[in-house]
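Working notes, structure below.
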Protein chains: 2
Amino acid sequence: MEALWDALRFDDDGLIAAIAQQHDTGEVLMLAWMNRESIRETIETGQVCYWSRSRATLWRKGERSGQFQRLVELRVDCDGDALLLMVDQSGVACHTGRRSCFFRALRNGDLATIANIEIPPEELYGKDQDK
Amino acid sequence: MEALWDALRFDDDGLIAAIAQQHDTGEVLMLAWMNRESIRETIETGQVCYWSRSRATLWRKGERSGQFQRLVELRVDCDGDALLLMVDQSGVACHTGRRSCFFRALRNGDLATIANIEIPPEELYGKDQDK
């Protein structure tokens, strides 16, 4: 694992950007952040764990929503300051209940919604919508 | 365009993370950063322009290497703090001469190189290797 840690360049907050991509379809699901601890846990458990900047805590993806990401492969970019997580996403990645967080597209100067809600958020998080 | 600017949440440095994905193959090419000006220019010209954090200047992708990214569609994530650029990449995206910057994968505890150099860097940038 030394090769990995040597390659990574964390930012001033100890974080690195991580893209999650569905391994077989190529769909980009989300962008989030990881620190050393979340990377270590992700590799050890095979279940993706991010660092939540807003909550300043480890964010075990799927812990509340049940929509887990199984790690298939971890890739590192040329500068070592971004990760590409090839994952197998169960259900949906987005807290809005859509498969991908990138469900808005700029079209004709406006933002179009290009994906449907597959699981209502209240089913994912209960009525308090707590993520 | 107001809808786009209203949706975006720039960080304290006025930047937002942008993932470039080849629009037809789904290949994730790179992660870079954009500011308002680079987003505006990208939309106006249809050629992707980033913000180079290391050089603190607009980074017109391909300006020196000739490896341009044509914008096919700009997408915004649920929180408005990440962009997904669907692009048509001419040649290679990575300054190492590989198609994607994510050419290293963690396998058996080591980093394996999983993509070949398609264009030697000296062909992209000349002998001084200036990006």
Side-chain angles (χ1 to χ4, degrees), chain A residues 1-8 11 16-22 24-33 39 42-43 53-54 71-86 93-98 100-115 131, chain B residues 1-8 11 16-22 24-33 39 42-43 53-54 71-86 93-98 100-115 131:
Chain A
M1 294 288 298
E2 275 311 298
L4 175 65
W5 299 121
D6 287 350
L8 298 185
D11 70 13
I16 192 164
I19 303 160
Q21 181 178 31
Q22 175 65 27
D24 48 2
T25 64
E27 194 175 14
V28 172
L29 300 168
M30 57 185 284
L31 179 96
W33 296 83
I39 294 171
T42 296
I43 293 168
R53 295 183 302 174
S54 58
L71 182 70
V72 175
E73 185 163 86
L74 183 148
R75 298 184 185 167
V76 181
D77 82 346
C78 52
D79 294 327
D81 62 0
L83 298 174
L84 177 60
L85 308 177
M86 307 302 288
C94 185
H95 75 285
T96 66
R98 294 174 178 89
S100 165
C101 293
F102 295 95
F103 61 83
R104 295 182 289 179
L106 184 66
R107 294 183 180 173
N108 301 316
D110 214 342
L111 282 184
T113 297
I114 59 170
K131 300 179 219 172
Chain B
M1 295 288 295
E2 276 311 299
L4 175 65
W5 300 121
D6 287 350
L8 297 185
D11 70 13
I16 190 165
I19 304 160
Q21 182 178 31
Q22 176 65 28
D24 47 4
T25 64
E27 195 174 12
V28 172
L29 300 168
M30 57 186 285
L31 179 96
W33 295 83
I39 294 172
T42 296
I43 294 168
R53 294 183 301 173
S54 58
L71 182 69
V72 175
E73 186 163 85
L74 184 149
R75 297 183 185 167
V76 182
D77 81 346
C78 52
D79 293 327
D81 62 0
L83 299 174
L84 177 62
L85 307 177
M86 307 303 288
C94 186
H95 76 284
T96 66
R98 293 174 179 89
S100 164
C101 293
F102 296 95
F103 61 83
R104 296 182 289 178
L106 184 66
R107 293 183 180 174
N108 300 317
D110 214 341
L111 281 185
T113 297
I114 60 171
K131 298 180 220 171

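Contact annotation for A:Leu83: only backbone heavy atoms (N, CA, C, O) come within less than 4.5 Å of a heavy atom of chain B. At a 4.5 Å heavy-atom cutoff, the contact between A:Ile19 and chain B is made by side-chain atoms alone. Heavy atoms closer than 4.5 Å to chain B are found nowhere in A:Arg98, neither backbone nor side chain.
Under the salt bridge (charged side-chain N to carboxylate O under 4.0 Å, His left out) criterion, A:Arg104 pairs with no residue at all, not counting sequence neighbours. With sequence neighbours excluded, the residues that form a side-chain hydrogen bond (donor to acceptor under 3.5 Å, both in side chains) with B:Glu27 are B:Arg99.
The CG atom of B:Leu29 sits 12.0 Å away from the CG atom of A:Asp77 when rounded to the nearest 0.5 Å. Here the CG-CH2 distance, from A:Leu111 to B:Trp5, works out to 11.0 Å after rounding to the nearest 0.5 Å. Taking CG from B:Leu84 and CZ from A:Phe103, the interatomic distance works out to 13.0 Å, rounded to the nearest 0.5 Å.
Comparing A:Cys101, A:Ala112, A:Gly80 by heavy-atom pairs within less than 4.5 Å of chain B, the highest count is held by A:Cys101. When each of B:Ala3, B:Cys78, B:Gly26 is checked for heavy-atom pairs under 4.5 Å with chain A, B:Cys78 comes out on top.
The minimum heavy-atom distance between A:Glu73 and B:Leu106, with the atom names listed, is CG-O, 4.5 Å.
The closest side-chain heavy-atom distance from A:Val28 to B:Arg75 is not below 4.5 Å.
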Between A:Arg53 and B:Asp81, does the salt bridge (Lys or Arg N to Asp or Glu O under 4.0 Å) criterion hold? Intermediate values first, please.
CA-CA 12 Å; A:Arg53 295 183 302 174; B:Asp81 62 0; 3.4 Å; yes
